[in-house]
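So the structure is just underneath, and the comments pick up after that.
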Amino acid sequence: MKVFYESDTKAENGRSGSPTLSDEAAKIRVTPPGAEGPGVTPEELFAVGYASCFEHSLKMVSGHKEYPLNAVEVRAEGNVIEKYEGGFVLDIDLHLEFSGLTREQAEDVIHTAHTLCPYSNAICGNVDVRVFTKLNS
């Protein structure tokens, strides 16, 4: 396999820390769920990454298939679910809103984007992902 992109981060103090990126492009304060004050949870960071990556995959697929995509919006809701047997798992709802595509085109783009998106590939079979689609004219 060929490395397409490489990132490097360092986390200190877990859910109460300030992870750093190797290129120092962003300052992030990580907080546990429900904490007061500014900060984001690791689950929010995952949801942002997934939504951004999946939106890009949708646009790439639409362009490759020459579908008339006018606009797309992706919103990801990330949940942490406590398992009955102990431990925790992620659970994701993707809300997709398309302009310019038919229902069949949107379903085709979604299916293909899941095979392309690194986040979808990383969590396939491990995380429940539900997709909700809205079409605008």
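Hydrogens, waters and symmetry mates are skipped; everything else that's a heavy atom, side chains included, is used. One is the number of the first residue; the rest follow in order along the sequence.
When all heavy atoms of Ala47 and Gly78 are compared, the closest pair comes out as CB-N, 4.3 Å. Of all the heavy atoms in Pro42 and Arg15, the pair that sits closest is CD-NH1, 3.5 Å. For Ala113 against Leu58, the heavy-atom pair with the smallest separation is CB-CD2, 3.7 Å.
Taking the side-chain contact (heavy atoms from CB on, under 4.5 Å) definition, one finds that Ala51 meets it with Val74, Ala76, sequence neighbours left out.
Linking ILVMFWY side-chain heavy atoms closer than 4.5 Å, directly or via other members, places Val48 and Leu90 in two distinct hydrophobic clusters. Using a 4.5 Å cut-off between side-chain heavy atoms of Ile, Leu, Val, Met, Phe, Trp and Tyr, with links allowed through other members, Leu45 and Val80 fall into different hydrophobic clusters. Clustering ILVMFWY residues whenever any of their side-chain heavy atoms sit less than 4.5 angstrom apart, transitively, puts Val30 in a cluster other than the one holding Phe46.
Within the structure, ring-ring contact (aromatic ring centres under 6.0 Å, His included) contacts touching residues 88-112 (residues at least two apart or in different chains) are His95-Phe132.
Side-chain contact between His64 and Val61 is absent, with no heavy-atom pair separated by less than 4.5 Å. Annotation: side chain of Glu77 is not in contact with side chain of Ile92 (no heavy-atom distance under 4.5 Å). Residues Glu97 and Val72 are not in side-chain contact: their nearest non-hydrogen atoms beyond the backbone lie 4.5 Å or more apart. Residues Asn121 and His114 are not in side-chain contact: their nearest non-hydrogen atoms beyond the backbone lie 4.5 Å or more apart. Side-chain contact between Asp91 and Arg130 is present, with at least one heavy-atom pair separated by less than 4.5 Å. Looking at Leu96 and Val131, their side chains come closer than 4.5 Å, going by heavy atoms from C-beta outward. With a 4.5 Å cut-off on side-chain heavy atoms, Leu69 and Lys59 count as touching. Within the 4.5 Å cutoff, the side chain of Ile28 has heavy atoms near those of the Val40 side chain.
For the residue pair Glu43 / Asn79, no side-chain donor-acceptor distance below 3.5 Å is found, with atom types taken as modelled. Between the side chains of Ser120 and Tyr50, at least one donor-acceptor pair of N or O atoms lies under 3.5 Å.
Judged by distance alone, with hydrogens and angles left aside, the side-chain atoms of Glu44 form a donor-acceptor pair with the main-chain N or O of Thr41 at under 3.5 Å. Of the possible polar contacts, one joining the Thr115 side chain to the Thr112 backbone as a donor-acceptor pair under 3.5 Å is found. No donor-acceptor pair under 3.5 Å is formed between the side chain of Glu55 and the backbone N or O of Ser52.
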Item to complete: Output, in order, the C-alpha distance, side-chain angles, deciding distance and verdict of side chain to side chain contact (heavy atoms under 4.5 Å, CB included) for Leu101 and Ser62.
Response: CA-CA 9 Å; Leu101 300 184; Ser62 294; 4.3 Å; yes
Practice prompt. List the steps, then state whether side chain to side chain contact (heavy atoms under 4.5 Å, CB included) holds for Ile123 with Tyr119.
Written response: CA-CA 6 Å; Ile123 64 176; Tyr119 279 78; 5.6 Å; no
Discussion item. One pair to check against salt bridge (charged side-chain N to carboxylate O under 4.0 Å, His left out): Glu12 and Lys10. What are the steps and the verdict?
Written reply: CA-CA 7 Å; Glu12 294 182 23; Lys10 179 180 178 184; 3.1 Å; yes
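Within a 6.0 Å radius of CD in Glu36, other residues, nucleotides and ligands contribute 12 heavy atoms or fewer.
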